[in-house]
Structures are given as structure tokens and as C-alpha cells.
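A short write-up of the structure that comes next.
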Amino acid sequence: ERLTGGGHDNGYFVTPTIFVDVPRRSRLFQEEVFGPVLAVTKVKSFEEALEASNDTAFGHTCALYTQNASHIQRFIDGIETGMVHINSPTIGGEAQLPFGGIKGTGVGDREMAREGINFFTELKTVWQDYTGTRRETNIY
């Protein structure tokens with residue numbers, strides 16, 4: 001529904017809207033929508049959700065809500081976006097960290113790119129086996 005009246009008459013303002021059962025090939029699924037719009041697409045598995053999330057020309061930001069540590073790590077590894085939020089919304093952020101996307105939603109270096117990372121980061125190396133399978137060797 002288009003908003004009218006007051007300052008809304010001279011623009012294209014819509015009320016907050018939720019679309020359900022959005023097909024993956026639809027324009028609404030494939031493009032970035034900067035507005036109070038939520039497009040819901042049903043999937044049957046974590047793998048299908050990750051595949052659907054990556055099946056677009058854009059990759060600005062995303063969020064995953066789960067307590068499953070394996071899904072969290074697999075999502076971080078597999079998602080094609082510039083920013084990943086785990087158990088938090090995609091709004092907000094840290095001003096000192098790089099801001100921006102990848103694929104069709106980013107151009108060049110991000111805001112606060114190398115300088116922000118180097119200034120506010122201490123290097124830490126972490127190995128975590130999140131596959132849930134028994135390891136047969138010490139060689140990666």
C-alpha cells in the first residue's frame with residue numbers, strides 16, 4: 001500500500017509489507033529492496049537455505065538465527081555477503097569496521113576497510129572442526 005498525505009505525496013513510500021511464498025526467480029527475491037519489505041521464501045533444509053541465499057547477484061548483508069554451532073560456522077564459510085550477523089538483526093554495525101557488500105552490491109574498497117581492520121584487530125588463529133565427524137588424521 002502506498003503511503004499518502006503529509007510528506008509522502010511526493011515520493012514512493014510504502015507501508016511495512018511482508019510477502020510470503022516468494023519464488024526464487026522473482027524480481028522481489030533477486031533484487032535489493034531498500035524499504036520496509038520482507039520477502040519470505042520457504043526452503044526444506046539448511047543447505048537449500050544457503051543455496052537460495054547465494055542465488056542472487058547481490059551480497060550486502062545477512063542474518064542467521066540459530067543455536068546450532070555447526071550451522072553457524074557453515075553459514076559463515078558458505079554465505080556470499082560482505083557482512084554476516086549471527087543471532088542479531090542486519091541493522092546497525094560498528095563504525096570502526098568495514099561496511100559494504102560483495103557481488104553486485106559493492107564497489108571498490110569498503111568504508112573503513114584495511115585501516116579499520118588493522119587498527120581494531122589482534123590476530124588470532126582458530127581451528128574448529130564443526131563437521132561432526134571423527135577425524136582420522138592430524139593433516140588438514
Side-chain angles (χ1 to χ4, degrees):
E1 177 180 323
R2 182 175 177 191
L3 291 173
T4 58
H8 299 115
D9 287 337
N10 296 322
Y12 297 100
F13 300 97
V14 296
T15 59
T17 306
I18 299 173
F19 293 91
V20 296
D21 298 324
V22 175
R24 285 174 57 178
R25 291 288 149 233
S26 72
R27 184 175 177 191
L28 182 59
F29 185 94
Q30 289 295 321
E31 295 185 7
E32 292 180 310
V33 178
F34 294 97
V37 175
L38 175 64
V40 179
T41 302
K42 294 180 185 177
V43 295
K44 295 181 180 178
S45 67
F46 172 83
E47 289 74 20
E48 187 180 351
L50 186 59
E51 177 187 316
S53 297
N54 288 335
D55 188 21
T56 177
F58 301 98
H60 191 250
T61 188
C62 64
L64 174 71
Y65 286 82
T66 182
Q67 296 302 315
N68 184 316
S70 176
H71 283 174
I72 290 170
Q73 294 301 319
R74 289 170 53 207
F75 186 77
I76 291 169
D77 285 348
I79 194 67
E80 297 171 356
T81 62
M83 297 179 288
V84 178
H85 299 257
I86 303 298
N87 296 325
S88 67
T90 61
I91 58 173
E94 298 292 330
Q96 75 277 11
L97 296 176
F99 176 85
I102 62 172
K103 302 193 311 187
T105 191
V107 178
D109 285 343
R110 298 181 187 169
E111 295 178 35
M112 286 300 294
R114 289 184 190 151
E115 293 78 13
I117 292 175
N118 290 336
F119 186 79
F120 291 100
T121 301
E122 291 187 31
L123 183 63
K124 180 185 289 187
T125 304
V126 177
W127 283 269
Q128 178 182 354
D129 184 347
Y130 54 87
T131 63
T133 60
R134 183 173 178 265
R135 208 150 150 222
E136 301 293 331
T137 179
N138 288 333
I139 300 172
Y140 287 93

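The residues of the chain are indexed from 1 along the displayed sequence.
- For His8, the side-chain contact (heavy atoms from CB on, under 4.5 Å) test picks out Leu3, Phe13, with sequence neighbours left out.
- Sorted by first then second residue, the salt bridge (charged side-chain N to carboxylate O under 4.0 Å, His left out) pairs that include residues 56-72, not counting sequence neighbours, number zero.
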ask   = Can you list the steps and then say if Thr56 with Glu32 is a side-chain contact (heavy atoms from CB on, under 4.5 Å)?
value = CA-CA 9 Å; Thr56 177; Glu32 292 180 310; over 6 Å; no
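- The salt bridge (charged side-chain N to carboxylate O under 4.0 Å, His left out) search around Asp21 returns Lys42, not counting sequence neighbours.
- Going from atom OG1 of Thr17 over to atom CD of Glu1 covers 8.0 Å, rounded to the nearest 0.5 Å.
- Applying the salt bridge (charged side-chain N to carboxylate O under 4.0 Å, His left out) test to Glu80 and every residue at least two apart in sequence or in another chain returns Lys103.
- Cys62 is listed as a side-chain neighbour of Phe75, based on a closest heavy-atom distance under 4.5 Å.
- Its side chain outside the 4.5 Å cluster rule for every partner, Phe58 clusters with none of the Ile, Leu, Val, Met, Phe, Trp and Tyr residues.
- Contacts of Ala39 classified as side-chain contact (heavy atoms from CB on, under 4.5 Å), with partners at least two apart in sequence or in another chain: Val22, Leu28.
- In this structure, Ile79 and Ser53 approach most closely via the heavy-atom pair CD1-CB, 3.5 Å.
- Hydrophobic clustering keeps Val33 apart from Leu38 (ILVMFWY residues linked when any side-chain heavy atoms are closer than 4.5 Å, directly or through intermediates).
- For Arg25, the side-chain contact (heavy atoms from CB on, under 4.5 Å) test picks out Gln30, Asp55, with sequence neighbours left out.
- In the hydrophobic clustering of this structure, Phe29 groups with Phe19; members are Ile, Leu, Val, Met, Phe, Trp, Tyr whose side-chain heavy atoms approach within less than 4.5 Å, directly or through other members.
- No more than 12 heavy atoms of other residues, nucleotides or ligands sit less than 6.0 Å from atom CZ of Arg27.
- Side-chain heavy-atom separations under 4.5 angstrom define the hydrophobic clusters, and Val43 shares its cluster with no other residue.
- When atom types are taken as modelled, the side chain of Ser88 and the backbone of His85 share no donor-acceptor pair closer than 3.5 angstrom.
- By the side-chain contact (heavy atoms from CB on, under 4.5 Å) test, Thr66 is found to be paired with Leu64, Asn68, His71, Ile72, residues two or more places apart in sequence or in another chain being considered.
- For the salt bridge (charged side-chain N to carboxylate O under 4.0 Å, His left out) condition, the pairs that include at least one residue of residues 44-54, sequence neighbours left out, are Arg24-Glu51, Glu47-Arg74.
- For Asn10, the CG atom counts as loosely surrounded, since its 6.0 Å shell holds 12 or fewer non-hydrogen atoms of other residues, nucleotides or ligands.
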